[in-house]
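Just so we're clear, the structure is a prediction, and the values are computed from it rather than from any experiment. Here is the naming used below: chain letters follow the sequence lines, and residue numbers restart at 1 for every chain.
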Amino acid sequence: MRKTIYSVSLSILVAALLLFSASWSLASDDLSSFAGQKGTLRIAGGTAHIPVMKEAAKQIINFNPQIQISIAGGGSGLGIKQAGEGLVDIGNAGRKPSDDEIHNYNLQLVKWAVDGVGAVVHPKNKAQSLTNTQLQDIYSGKISNWKDVGGVDREINLYTRDEASGTREVFWKKALAKGDISAKANVVVSNGAMKTAVAGDPFAIGFVSVGNMDSSVAPVALDGVAPSPESVRSGEYKVARGLYSLTKGEPSGLAKLFLEFIVSPTGQQIVVDKGFIPVQ
Amino acid sequence: MRLPTYSVSEYLFLAAAVFSGLLAVAIFCFLFFFGLPLLQSGQLVDLLFSSWAPDKGLYGIYPMLITSLTLATVSMLISFPVSLGCSFVITSLAPVRLRRVLLAVIRVMTGIPTVVYSFAALFLLVPLMRSLVGHGTGMSILTAAPVLALVIAPTMILFFVDSFSKVSSRFTLAVDALGGSEIQKLLYVILPLAWPGIVNGVLLGFGRAMGDTMVSLMLAGNSTAAPESMTESARTLTAHIALVMAFDFDSMEFKSIFVCGLFLYILTAALMLLFRMFTVYFSERT
């Protein structure tokens, strides 16, 4: 539930993470470029990215406490916009920016992970396997009771994301085949808020980034394939997208070092640890 | 024509006043200018009366307009009697020491950020509403209304207390001299004299209820369908602006939120005009 607050107030300060000293010593090779650096790095946008961003920031700050990194949510649309307008140093997006956006804002992209997006329900819900058509019918409102798909006799509570969400875009394109999302669906503002909402609502269905899934929610198998890092990596689970970080123009200073760190072996190990698929 | 001469400090204050006045006008022009593409395209009627389906080229804000007005009205209906009762207690009914404590508590309440109320309600009220209502997610207009009522109550209470204590002691002492009770004093003397202040407080409270974002964003569920009942998920104008603002930079969705801002502006301005009219009416009467 904390995540709701964080993403609503658009601010996650990582400085407190200093207290947790991770095993940075084994990674000092990739971190060595941060030695002697100083300053503040502002990151905002896609909420699927946050677990990796937080861990990377934690390791960097542990290595060099002179560096401050702030990580905010807001969704992919916000990440693209704020990076383009120079409000943040790095913007995150869970979708590829459109050609217009890249051109107008002179954006440079770094793709550092592949991520799946899967439907999730409450762990106690028995309907944990759906066909693609069933999922589309649930989201369009055609199926509105859990008993029609093997669950209890209760109304289905739909959850979706706001228009700025890259997670929503890939789910809508690839899982719902651009089908309707009922206007009656509840709208939440981040992957974290989605997870919390579904975890607290026994009759909910929502969707989150595979890297953001944990035991508080149950993934829904689509046509027999459950969303997981393994099934996304093997290509068996199709609802997947790249995770991008963007800068306005060529990255420089701390932003450049941060992006280099994310694609370094240490950074890519974080990507794996957090349940995403590395690109290197 | 000779301009009256002012001292330096008077000029400073005048500049500040002119500046804030211009700022309000500038914000209106800004919203109007950016909302113009949508207003010009002859979609005003569509905007006001159709639903929100950007995929189909529909940018109607009717569901949000209805939700905003419903939520503000319902929370007002909850908040008004409570606030009135509270201010009775604070001004006359409670022992003097308790009055001071109560007033201090109310003052503290005005400073509590709405996100704190919403956060607590998300844990306590939402699951309760889900099980009470028996369907839906527990996030609805009916869940947000009592929390919003709590948010606007301190503003109203302070306003009511203020207008009650402005009632001249000539009248209240007369009641005491006649042996009237506190309740009689409230009902027959204070209320008839202080009602314009009560109306002002209600208007301010209503304005706050219309403008609040965090409570509805976190507790009303934000669905874009026009609510058919109070127990359904719904989205207010303010939550709508907050949700759409992060979308890309020159889509029609993005432009439409300036129109939302414009409507909110006009609604609030209309409320403030009412406020002014009542004040003028009151001052002419006495």
Side-chain angles (χ1 to χ4, degrees), chain A residues 1-2 4-5 7-10 44-45 73-82 84-85 93 95 97-98 100-101 104-105 141 144-145 154-165 169 172 178-190 193 196-198 200-204 206, chain B residues 51-56 58 60 62-63 113-116 118-123 126-127 130-131 133-140 213-228 232-235 239-254 256-257:
Chain A
M1 197 50 51
R2 283 209 157 143
T4 319
I5 299 302
S7 37
V8 166
S9 66
L10 298 180
S76 302
L78 183 122
I80 293 167
K81 211 163 79 179
Q82 294 216 333
E85 285 165 3
R95 62 173 169 91
S98 69
D100 258 5
E101 287 168 331
N104 286 355
Y105 281 148
S144 61
N145 196 309
R154 275 294 288 245
E155 202 183 321
I156 297 174
N157 293 336
L158 278 178
Y159 287 85
T160 183
R161 291 277 307 279
D162 53 289
E163 279 93 350
S165 162
E169 184 161 303
W172 176 67
K178 301 195 179 182
D180 283 344
I181 296 179
S182 163
K184 287 187 185 299
N186 289 269
V187 180
V188 293
V189 292
S190 69
T196 319
V198 174
D201 183 348
F203 312 106
Chain B
S51 55
W52 175 259
D55 298 343
K56 301 189 187 83
L58 282 175
Y62 172 75
T114 55
V115 68
V116 176
S118 316
F119 187 39
L122 206 52
F123 275 113
V126 169
R130 180 160 50 223
S131 57
V133 170
H135 65 87
T137 60
M139 289 192 267
S140 63
T213 312
M214 202 46 89
V215 172
S216 59
L217 188 67
M218 288 176 76
L219 299 175
N222 299 320
S223 89
T224 52
E228 281 156 15
E232 270 178 35
S233 161
R235 184 189 287 206
H240 184 62
I241 292 175
L243 285 166
V244 176
M245 200 160 66
F247 201 44
D248 62 21
F249 51 98
D250 58 7
S251 61
M252 277 306 244
E253 281 101 314
F254 190 63
S256 78
I257 63 174

- Who among A:Lys178, A:Arg161, A:Glu155, A:Arg154 has the most heavy-atom pairs with chain B under 4.5 Å? A:Arg154
- Message: Could you measure the distance from the CE atom of B:Met139 to the CG atom of A:Asn157? Nearest 0.5 Å is fine.
- Response: 8.5 Å
Could you look at [X] and say if it's the side chain, the backbone, both or neither that has a heavy atom under 4.5 Å from chain B?
| X | value |
| --- | --- |
| A:Glu163 | both |
| A:Pro202 | side chain |
| A:Ala185 | backbone |

- Would A:Val188 and B:Asn222 count as a side chain to side chain contact (heavy atoms under 4.5 Å, CB included) if you check the C-alpha gap in whole Å, the side-chain angles of each, and the deciding distance to 0.1 Å? CA-CA 8 Å; A:Val188 293; B:Asn222 299 320; over 6 Å; no
- Task: May I ask you to check whether B:Thr137 and A:Asp201 show a side-chain donor-acceptor distance below 3.5 Å?
- Result: no
- Item | A:Lys184 side chain vs B:Glu232 backbone, donor-acceptor pair below 3.5 Å | no
- Task: Taking all non-hydrogen atoms of both residues into account, name the closest pair between B:Ser233 and A:Asn186 and its distance.
- Result: OG-OD1, 3.0 Å
